[in-house]
Amino acid sequence: LGEIMKIKIIIFCLFFIFIGCQKKQGSKEVSEKIISLEKEYAELRKLAIREMYNGNWLKAIENFQKCLELKPTDADIHFYLGVAYGNLIKLDKAYLEKSENSYKIFLSLKPDAAEGYYGLAILYRYEYNDIEKALEYINKSIECDKTYLKAYVAKGTFCYEAGLLKEAAETYKKAIDLTQAKEKKALYLKNLSKIYLKMGYPDEAEKYNKMSEKIYKQTPVKVRRKGK
């Protein structure tokens with residue numbers, strides 16, 4: 001009886017050792033699969049972004065969609081799709097809804113992302129021609145990031161187009177304060193000059209125009225040499 005019991009105990013122990021080995025092997029296979037998928041995703045993402053910056057929008061979209069098959073909740077991929085679809089609207093209006101939906105999914109994943117509201121603002125102003133909705137979105141963009149220069153420039157333009165000249169002037173002043181780039185600062189000062197002229201303040205318009213011209217004169221012209 002004692003020998004039989006010993007044999008049973010040995011078999012029992014071997015069984016658990018076998019199970020443990022199987023689990024370890026299974027965990028290793030799962031880890032290797034995860035690493036493989038992460039690598040595949042990283043390569044697809046890199047390729048898609050490169051295609052986007054090269055203006056190959058359809059190819060970029062194809063690769064971004066493959067990325068979403070691996071990581072459907074990657075917020076940034078939805079944002080990039082919004083940009084890519086937006087650049088194809090001139091070819092096919094069907095891309096307008098896709099662009100808008102992509103931005104909205106992005107914002108559902110990143111509710112405080114200023115660039116998402118900026119993207120929607122641009123769509124509503126220039127595709128839907130809804131300046132009120134565009135201003136609503138651009139204000140949300142600024143609320144999310146009070147240093148987001150592109151949003152201030154867009155808002156200044158929207159306000160000017162909507163006849164909200166005082167608000168346009170104040171917004172451009174903020175844009176001027178935010179930028180360190182001389183060429184941009186000069187351009188925004190020139191726009192501010194036009195706003196004040198339209199408001200009926202020629203002296204203010206002249207002041208900002210001179211400030212703009214002064215920066216232009218101080219900014220060296222870049223000359224490309226042959227072979228460079």
Side-chain angles (χ1 to χ4, degrees), residues 25-158 161 175 178-179 181 184:
Q25 181 65 28
S27 297
K28 184 181 178 182
E29 289 176 359
V30 169
S31 296
E32 288 176 351
K33 183 66 175 177
I34 290 170
I35 291 169
S36 175
L37 288 173
E38 286 288 350
K39 186 177 179 181
E40 181 184 354
Y41 170 80
E43 289 174 354
L44 279 170
R45 193 178 195 276
K46 185 178 178 180
L47 177 61
I49 291 172
R50 184 167 67 241
E51 295 288 3
M52 183 176 70
Y53 282 117
N54 288 334
N56 299 325
W57 304 110
L58 289 172
K59 194 67 179 176
I61 289 167
E62 180 185 336
N63 286 303
F64 281 136
Q65 287 172 337
K66 289 178 182 178
C67 286
L68 288 180
E69 290 175 8
L70 298 172
K71 285 189 179 182
T73 58
D74 187 325
D76 291 341
I77 299 301
H78 290 287
F79 173 76
Y80 292 141
L81 278 170
V83 174
Y85 286 132
N87 278 276
L88 291 172
I89 293 170
K90 289 182 180 179
L91 298 178
D92 189 341
K93 285 292 182 182
Y95 288 114
L96 175 55
E97 186 178 355
K98 290 184 177 182
S99 179
E100 182 179 0
N101 288 340
S102 294
Y103 283 131
K104 287 182 176 179
I105 294 171
F106 168 67
L107 287 167
S108 72
L109 296 167
K110 282 189 176 181
D112 297 325
E115 61 269 32
Y117 291 112
Y118 174 85
L120 287 173
I122 296 300
L123 288 183
Y124 271 85
R125 176 64 191 99
Y126 298 111
E127 301 301 334
Y128 290 118
N129 197 29
D130 187 340
I131 200 161
E132 289 185 11
K133 196 70 176 178
L135 280 167
E136 179 184 328
Y137 279 127
I138 209 65
N139 282 327
K140 284 184 179 180
S141 179
I142 291 170
E143 285 173 18
C144 293
D145 185 354
K146 290 182 170 53
T147 63
Y148 193 29
L149 178 61
K150 287 172 68 175
Y152 283 102
V153 175
K155 182 181 176 179
T157 303
F158 296 168
E161 292 169 343
L178 282 172
T179 187
K184 286 183 178 180

Indicate yes or no for a side-chain donor-acceptor contact from [X] to the backbone of [Y] under 3.5 Å, with no hydrogens or angles considered.
X	Y	value
Asp92	Ala94	yes
Ser99	Gly82	yes
Ser141	Tyr137	no
His78	Thr73	no

Spacing of [atom1] belonging to [X] relative to [atom2] belonging to [Y], to within rounding of 0.5 Å:
X	Y	atom1	atom2	value
Asn139	Cys144	CG	SG	11.0 Å
Asp112	Lys110	CG	NZ	11.0 Å
Leu96	Ile89	CG	CD1	4.5 Å
Tyr80	Leu68	OH	CG	12.5 Å
Cys67	Ile49	SG	CD1	8.0 Å
Arg45	Phe64	CZ	CZ	7.5 Å

Going by heavy atoms in the side chains, are Ile61 and Gln65 under 4.5 Å from each other?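 They are in contact (side-chain heavy atoms under 4.5 Å apart), so the answer is yes.
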Would you indicate whether the side-chain heavy atoms of Glu132 and Tyr124 approach each other to under 4.5 Å?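 In short, these two side chains do not touch, never coming nearer than 4.5 Å.
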Over-ring placement of Lys71 relative to Tyr41, 6.0 Å and 45° cut-offs: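 Satisfied, under 6.0 Å and within 45°.
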Work out which heavy atom in [X] is nearest to a heavy atom in [Y]; give both atom names and the distance.
X	Y	answer
Tyr117	Pro111	OH-O, 3.3 Å
Glu143	Lys146	O-NZ, 3.6 Å
Asp74	Asp76	OD1-N, 3.1 Å
Ile105	Ser108	O-OG, 2.5 Å

Could you walk me through whether Leu107 and Phe79 pass the side-chain contact (heavy atoms from CB on, under 4.5 Å) test, one step at a time? CA-CA 9 Å; Leu107 287 167; Phe79 173 76; over 6 Å; no
Tyr85 and Glu97 side chains, donor-acceptor separation under 3.5 Å: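 Their side chains do not contain a donor-acceptor pair, so the 3.5 Å distance test is not met.
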Take Tyr152 and Thr147 through the test side-chain contact (heavy atoms from CB on, under 4.5 Å) and record every step on the way to the result. CA-CA 9 Å; Tyr152 283 102; Thr147 63; over 6 Å; no
Check this for me: does any side-chain nitrogen of one of Lys133 and Glu136 sit under 4.0 Å from a carboxylate oxygen of the other?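 Salt bridge flag = yes for Glu136 with Lys133.
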Please check if atom CD in Glu161 has more than 12 non-hydrogen atoms from other residues, nucleotides or ligands closer than 6.0 Å.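 Buried by this count: over 12 neighbours within 6.0 Å.
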Chi angles and distances behind the side-chain contact (heavy atoms from CB on, under 4.5 Å) call for Ile138, Tyr118: CA-CA 6 Å; Ile138 209 65; Tyr118 174 85; 3.6 Å; yes
